[in-house]
Amino acid sequence: MQIQSKHYHTIWVKGDRSSIVQIIDQRKLPFEFIIRDLESPADCFGAIRDMAVRGAPLIGVTAAFGMYLALFHLEGKNPEVFLAETADYLKSARPTAVNLAFAIDEMLEFMLQNLNDEAIMLKTLDRANALKELEIGFSEKIGEFGLEIIEKIYQEKREPVNILTHCNAGWLACIDWGTATAPIYKAHQKGIPLHVWVDETRPRNQGARLTAFELGEEGVPHTVIADNTGGHLMQHGMVDVVIVGSDRTTVTGDVANKIGTYLKALAAKDNGVPFYVALPSTSFDWNMEDGVAEIPIEEREAAEVTDIEGWSGATHQSVRLIPENSRAANYGFDVTPARLVTGLITERGICKANKQDILNLFPEKKK
Ligand SMILES: CSC[C@H]1O[C@H](OP(=O)(O)O)[C@H](O)[C@@H]1O
């Protein structure tokens, strides 16, 4: 099915109707390009929980707009109580990505400080849009710093740089540019020859559907692979660098990312392949030190594992993949210990995955 897509941002306010926020519904990409209206915090909650929008920066910004939309539903309610309840409600949509809580807390604090301002709606919309623009700027800076890594590899090998990525940490996971894909786009736009190994990323197939869609739209050479292929490729010198995203990284450099990331990091370590994590400061948990012990790992519905979605021409289908009497477990994320991470690519530069180097880059976060 040919869809007419151009490079939108992933979320925006609908024209002059500022009571409607619009998103690209990612659940049917790349076969159906669906724009969906969100008109309430509940709409934003559902979009996040059901992964119509996904990716740490994007779910944070979506929740920020959810707090804004709450202002259209204040009728007869105590605003302080309703906004605090809305904040807790939106935070409960998904547990792992720390951007969600960061964005909601920022919005709630701002809204409570401006409750008596007659321009609160416009100011709150501006605040949500400011968070959106912040993430766009962070993503582009991550791209610029990550470009240096890819450029250095190319200067050494003078052949196309082979990059492996897991899940989708692209512009569809953010607002624009992405995190793991931002250095790829910057290098591609600079004419550096490269190729991307795209992990399909079971069970929701964000790599096969979304990263492949993004790279195809940008003309970036890529190959979709089964999730368990990366180790073999690294053993045979077919991967020059791994770049992934993050949903929550502790101040000590432990990285929560899509399930399977840890296994890629182990294979990279065993084969001497650099393993980088690209993330904005909004994806750090500054109050957490032991990621393996403390980062909440989302468990999603078993149906995402027992069934598989696909398209036959224009027809979307979901079919059973495993025996009816078999159970399935569906852990959404895992934690890669800092010791397996070569470096963190942030909007302020690249640093080692340890507390001292992270705080040297973000001194204002020192306790
Ligand atoms: C730039 S954050 C992208 C991050 O989010 C993805 O998870 P999900 O698709 O479940 O939201 C995955 O962990 C990506 O690396």
Side-chain angles (χ1 to χ4, degrees), residues 10-11 23-27 29 47-63 93-100 102-103 132 134-136 138-143 146 163-185 196 198-214 227 242-249 255-265 275-285 291 295-301 304-305 330-336 341 344-347:
T10 45
I11 188 167
I23 59 164
I24 299 171
D25 185 333
Q26 302 184 21
R27 290 172 292 185
L29 281 177
I48 295 167
R49 184 204 51 213
D50 300 340
M51 295 175 68
V53 293
R54 25 78 40 211
L58 177 54
I59 66 177
V61 171
T62 302
R94 295 186 75 188
T96 305
V98 71
N99 299 61
L100 188 60
F102 166 79
K132 170 182 167 179
L134 187 73
E135 291 289 7
I136 294 171
F138 285 176
S139 289
E140 182 155 22
K141 292 301 287 180
I142 288 167
I163 302 161
L164 184 143
T165 193
H166 189 67
C167 198
N168 172 254
W171 65 267
L172 284 166
C174 300
I175 312 300
D176 202 342
W177 290 106
T179 54
T181 60
I184 293 169
Y185 294 142
V196 183
V198 177
D199 277 356
E200 62 178 345
T201 317
R202 283 278 294 146
R204 293 294 293 265
N205 303 314
Q206 292 92 321
R209 291 188 302 110
L210 305 179
T211 302
F213 169 70
E214 284 193 30
D227 285 325
V242 178
I243 307 179
V244 298
S246 176
D247 294 80
R248 185 190 302 239
T249 292
V255 176
N257 196 52
K258 184 53 54 190
I259 193 80
T261 303
Y262 173 41
L263 297 177
K264 292 298 161 342
F275 183 92
Y276 284 95
V277 178
L279 75 163
S281 51
T282 49
S283 297
F284 278 99
D285 187 329
I295 295 178
I297 299 300
E298 179 183 28
E299 283 191 66
R300 296 184 63 86
E301 304 78 37
E304 294 181 349
V305 175
N330 186 8
Y331 296 97
F333 300 91
D334 58 25
V335 178
T336 298
V341 178
L344 302 170
I345 309 169
T346 78
E347 72 270 13

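Order of listing sets the numbers, starting from 1, for every ligand and every atom in it. Computed from a predicted model, the values in this text were never measured in an experiment.
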Taking the side chain as everything from C-beta on, heavy atoms only, tell me whether Pro203 gets closer than 4.5 Å to Val305. yes
Is a side-chain donor-acceptor pair under 3.5 Å present for Asn168 with Arg209? no
What is the nearest protein non-hydrogen atom to atom 15 (O) of ligand 1, stated with its residue, atom name and distance? Asn257 OD1, 2.5 Å
Using distance alone, determine whether His166 and ligand 1 share an N or O pair under 3.5 Å. no
Only heavy atoms of Gln206, strictly under 4.0 Å: list the atoms of ligand 1 that pass. 8 (P), 9 (O), 10 (O)
When rounded to the nearest 0.5 angstrom, what is the spacing between CG in Asn205 and CD in Glu200? 5.5 Å
List the closest protein heavy-atom neighbour of atom 1 (C) of ligand 1: residue, atom name, distance to the nearest 0.1 Å. Thr179 OG1, 3.3 Å
Using a strict 4.0 Å threshold on nitrogen-to-oxygen distance, state whether Arg248 and Asp285 make a salt bridge. yes
Nearest 0.5 Å, please: how far is OG in Ser283 from CD in Glu135? 6.5 Å
Non-hydrogen side-chain atoms of Pro57 and Ser139 separated by less than 4.5 Å: no
What distance separates Ile175 CD1 from Lys132 NZ, expressed to the nearest 0.5 Å? 6.5 Å
Heavy atom of Pro57, distance to ligand 1 below 4.0 Å: yes
Atoms of ligand 1 close to Arg94 [distance to a heavy atom under 4.0 angstrom, numbered from 1]: 8 (P), 10 (O), 11 (O)
Which residue owns the protein heavy atom closest to atom 2 (S) of ligand 1, what's the atom, and how far is it? Ala56 N, 3.3 Å
Is the closest side-chain heavy-atom distance between Ser281 and Thr346 below 4.5 Å? no
Side chain, backbone, both or neither: which part of Arg204 has a heavy atom under 4.0 Å from ligand 1? neither
Close N or O approach (Asn168, ligand 1; < 3.5 Å): no
If the test is side chain to side chain donor-acceptor pair (under 3.5 Å), which one of Arg204, Arg300, Glu301, Glu304 qualifies with Asn330? Glu304
I'd like to check whether Phe333 has a polar contact with ligand 1, where a contact means an N/O of the residue lying under 3.5 Å from an N/O of the ligand. no
Which of the atoms of ligand 1 are close to Ala173, meaning less than 4.0 Å from one of its heavy atoms? 1 (C), 3 (C)
Using non-hydrogen atoms of the residue, decide whether Ser246 is closer than 4.0 angstrom to ligand 1. yes
For atom 12 (C) of ligand 1, grab the closest protein heavy atom and report residue, atom and distance to one decimal in Å. Cys167 SG, 3.4 Å
Under 4.5 Å between any side-chain heavy atoms of Leu279 and Thr179, yes or no? no
Residue part near ligand 1, for Arg54, under 4.0 Å between non-hydrogen atoms: both
Show the atoms of ligand 1 that are less than 4.0 angstrom away from any heavy atom in Met51. 9 (O), 10 (O)
Once rounded to the nearest 0.5 Å, what's the spacing between atom CZ of Arg54 and atom CD1 of Ile48? 12.5 Å
Identity and separation of the nearest protein heavy atom to atom 13 (O) of ligand 1: Asp247 OD1, 2.6 Å
Work out whether the distance between some heavy atom of Glu298 and some atom of ligand 1 is less than 4.0 Å. no
